[in-house]
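Data block below; observations after.
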Amino acid sequence: MSLKLYNTLNKRKEDFKPINPDHVTLYVCGPTVYNYAHVGNARPVVVFDLLVRLLRHDYKKVTYARNITDIDDKIIEAAQESGDAIADITEKYAGIYEADMAALNAGPPDLTPKATDYIAQMIGMTAALIEKGHAYEKDGHVMFSVLSMSNYGELSGRKLEDMIAGARVDVASYKNDAADFILWKPSNDDQPGWDSPWGRGRPGWHLECSCMIEDNFGKTIDIHGGGLDLIFPHHENEIAQSRCAHEGAPLANYWMHNGYLTVDGEKMSKSLGNFVTVHDLLEEFPGKGEAIRMCLLSAHYRQPVDFSRDGIKQAQRQLDRWYRLTDGVEAGEVPETILVALRDDLNTPKAIAELNALAKKAVNDDAAKKQLKAAANLFGVLEKEKREWFDATVDENAISENEIEKLIVERAEAKMNKDFSRSDEIRNQLSEQGISLLDGPDGTTWEKR
RNA sequence: GGCGCGGUGGCGGAAUGGCUACGCAGCGGAUUGCAAAUCCGUCUAUACCGGUUCGAUUCCGGUCCGCGCCUCCA
């Protein structure tokens, strides 16, 4: 079965046909690096990481790019507030971002272009757009002229008249039209800037993605992704810039957008203040990044996921079980059922159901165990050793393995002497320290939990 | 105001014009000195009102409720 993807452009599931069947290209909008990423920010990262894993399974070569916005007014503000240099801030948070996402088993993309490395390209595209009559300079600003484009609004399904009519935007003096957007803006002396034909300034937000794609991939890529909230204006404006700069060539053939992470039904966002950072969550659930990942994949990617600690715990238990089943097992082939589910527009809940079916089978079937391991790995979980997974819960200094083993021996003796109050006391004592004892036919083993 | 999304069991969450997955929790059983873990079994749902249909949770219309975008936002 071939891959089907829901395309925001047509609001339909479509058969995925890459431009070059041997090389799939995809670009996902990455972070603006001025503080910690929250769980909602992590959702697209995990979703598109899974997509890339699937594409890598199905295609010879995949190139995945995710940008870093390291020039932006929010970063400038953060620098002014903290007194730190902009480069220090962006480097620090880019590093934290990469580490936090890696903890969710979302490895770095093939390409991680930074906006500040594309200033020349951005100036070039801006100049080209002016030359082609799609942009104009006014009061030191270079604006994209939305009216110069016939089909502006094709991605978000908006009509220009509607936008202008319902515009809550103040029409700035440098705009010819309320819907026009910034390609290049002037910088004050205390703001970072680069020399340009329009004076010292800095790029508008939408421009970097257009230029990075052009520079790394050419005019048209296969898949462009991001969160739902990027459809308008960000992706709409990327399309406008790129199409107008490229004689109408599409920027991407497939546009994919993940739904929101919500908290009590409301979108998790920095402005609402209802966010939890991935960083904090990893401290709260040490070593359980995979559980957070599972949690984010538990609903279909276009549906909302309501964030809760309970959801993470639930995912953790599921993983506990799969880890026990696949201890020491080598990954085999990914079974077709899982692939079919994922190729159907990344139906992760269906795939998880199949994973559970496999786990049930694996109870007394070694081949199924290998399949489970392989399928889970494709999902981006079960990438650790069982011991490592369970041990992560408790901090190392709490109790040594030696002490645990000694207590187990003591408890075994107590049990032999039918001194059950002593044996239960030992079990409870260990339990309080996060150690669970498992009495099996071959003696007692333990897990941290 | 414009455009859009969604309402499935105690909870999470798929799918489908006819029999509604899967997980968590619960319950019963096996196992256990008792537990834990594991295994087996099991209860509970398609917001409301109409329409189309032999038959709708699924298609259509309306109502109510929740949410989102239109401004930075994953």
Inter-nucleotide C1' distance (B/U44, B/G23), Å rounded:
16 Å

To the nearest angstrom, how far is A/K159 atom NZ from B/G2 atom C1'?
10 Å

For each nucleotide in nucleotides 15-25 of chain B, reading 5' to 3', give B when a protein heavy atom comes within less than 4.0 Å of its base, S when such contact involves only the sugar-phosphate, and - otherwise.
S-----BSBSS

Would you mind reading off the distance between A/Y27 atom OH and B/A74 atom P, rounded to a whole angstrom?
13 Å

Backbone N or O of A/L26 within a donor-acceptor pair of the A/D222 side chain at under 3.5 Å?
no

5' precedence on RNA chain B between A/S298 and A/D229 (nearest-nucleotide basis):
A/S298

Cation-pi check for A/F48 against A/R66: NZ or CZ below 6.0 Å from the six-membered ring centre and within 45 degrees of the axis, yes or no?
no

I'd like to know if the side chain of A/S242 and the backbone of A/I239 have a donor-acceptor N/O pair within less than 3.5 Å.
no

Contact list for residues 304-323 of chain A, test salt bridge (Lys or Arg N to Asp or Glu O under 4.0 Å), sequence neighbours left out
A/E284-A/R309

Can you tell me how the ring of A/H257 sits relative to the ring of A/H235, calling it parallel under 30°, perpendicular over 60° and tilted otherwise?
tilted

So, under a plain 3.5 Å distance rule, would you say the side chain of A/R427 forms a donor-acceptor pair with the base of B/A35?
yes

Any idea which of B/G2, B/C34, B/G12 is nearest the A/R158 side chain?
B/G2

Basic-acidic side-chain contact under 4.0 Å: A/E447, A/R324:
yes

Enclosure of A/Q80 CD (heavy-atom neighbours >12, cutoff 6.0 Å)
yes

Could you state the CD-P distance from A/Q303 to B/G68, rounded to the nearest angstrom?
15 Å

Kindly check if the number of other-residue, nucleotide or ligand heavy atoms within 6.0 Å of NZ (A/K386) is above 12?
yes

The correct set of residues in residues 362-370 of chain A placing a heavy atom under 4.0 Å from RNA chain B is A/V363

Expressed as a whole number of angstroms, how long is the span from A/L346:CG to B/G13:P?
17 Å

Can you tell me, in whole Å, how much space there is between the P of B/A56 and that of B/G51?
11 Å

OP1 or OP2 of B/C69 less than 4.0 angstrom from a side-chain nitrogen or oxygen of A/K267, does that happen here?
yes

Please give the distance between the C1' atoms of B/U58 and B/A45 as a whole number of Å.
15 Å

Among B/A74, B/G4, B/C69, the nucleotide that comes nearest once only the side chain of A/F232 is considered
B/C69

A/L155 vs A/L9, side-chain contact (heavy atoms from CB on, under 4.5 Å): CA-CA, chis, key distance, verdict
CA-CA 5 Å; A/L155 181 70; A/L9 221 38; 3.5 Å; yes

Does the plane of the ring in A/W255 sit parallel, tilted or perpendicular to the ring in A/H224? Use 30° and 60° as the thresholds.
parallel

Considering every strand and a 4.0 Å limit on heavy-atom distances, what is the contact class for A/G311: base, sugar-phosphate, or nothing?
nothing

A/K74 NZ to B/U71 C1', straight-line distance once rounded to whole Å:
10 Å

Stem segments of RNA chain B by first residue number [Watson-Crick or G-U, under 3.5 Å, at least 3]
B:1-7 with B:64-70, B:10-12 with B:22-24, B:26-30 with B:38-42, B:47-51 with B:59-63

In this structure, are over 12 heavy atoms from other groups packed under 6.0 Å from A/K406 atom NZ?
no

When you compare B/A36 with B/G29, how far apart are their P atoms, in angstrom units rounded to a whole number?
13 Å

Just by distance, do the side chain of A/K369 and the backbone of A/K361 share a donor-acceptor pair under 3.5 Å?
no

Quickly work out the A/R302 CZ to B/G13 C1' distance and round it to whole Å.
15 Å

Select base, sugar-phosphate, or nothing to describe what A/L437 touches, counting heavy atoms under 4.0 Å on all strands.
base

Donor-acceptor pair under 3.5 Å, A/D424 side chain vs B/G33 base:
yes

Starting from the 5' end of RNA chain B, give me the residue, A/G40 or A/K11, whose nearest nucleotide shows up first.
A/K11

Between B/A25 and B/U20, how many Å separate the two P atoms, rounded to a whole number?
24 Å

What is the distance, to the nearest angstrom, from the OH atom on A/Y260 to the P atom on B/G66?
19 Å

Of the candidates B/A36, B/C72, B/C67, the side chain of A/S271 sits closest to B/C72

What contact category does A/G259 fall into here, base, sugar-phosphate, or nothing, at under 4.0 angstrom with non-hydrogen atoms?
base

If we ignore hydrogens and angles and just use 3.5 Å, is the side chain of A/K350 paired with the main-chain N or O of A/D344 as donor and acceptor?
no

Quick note, salt bridge (Lys or Arg N to Asp or Glu O under 4.0 Å) partners involving residues 262-273 of chain A, not counting sequence neighbours, are A/D229-A/K267

Euclidean distance, A/F275 CZ relative to A/Y36 OH, rounded to 0.5 Å
11.5 Å

Could you tell me whether the phosphate oxygens of B/U38, OP1 or OP2, come under 4.0 Å of any side-chain nitrogen or oxygen in A/R324?
yes

Taking RNA chain B as the partner, which of residues 406-423 of chain A come within under 4.0 angstrom of it by heavy atom?
A/R411, A/K415, A/F420, A/S423

Can you tell me, in whole Å, how much space there is between the P of B/A21 and that of B/G61?
29 Å

Roughly how many Å apart are B/U16 and B/C59, using the P atom of each and rounding to a whole number?
10 Å

Base, sugar-phosphate or nothing for A/I231? Non-hydrogen atoms, less than 4.0 Å.
nothing

ring-ring contact (aromatic ring centres under 6.0 Å, His included) between A/Y254 and A/F16, worked out:
CA-CA 8 Å; A/Y254 301 86; A/F16 176 64; 5.0 Å; yes

Rounded to the nearest Å, what distance is computed from the CD1 atom of residue A/I182 to the C1' atom of nucleotide B/U71?
13 Å

Taking atom P in both B/C11 and B/C48, what distance in whole Å separates the two?
15 Å

Euclidean distance, A/M125 CE relative to A/Y118 OH, rounded to 0.5 Å:
12.0 Å

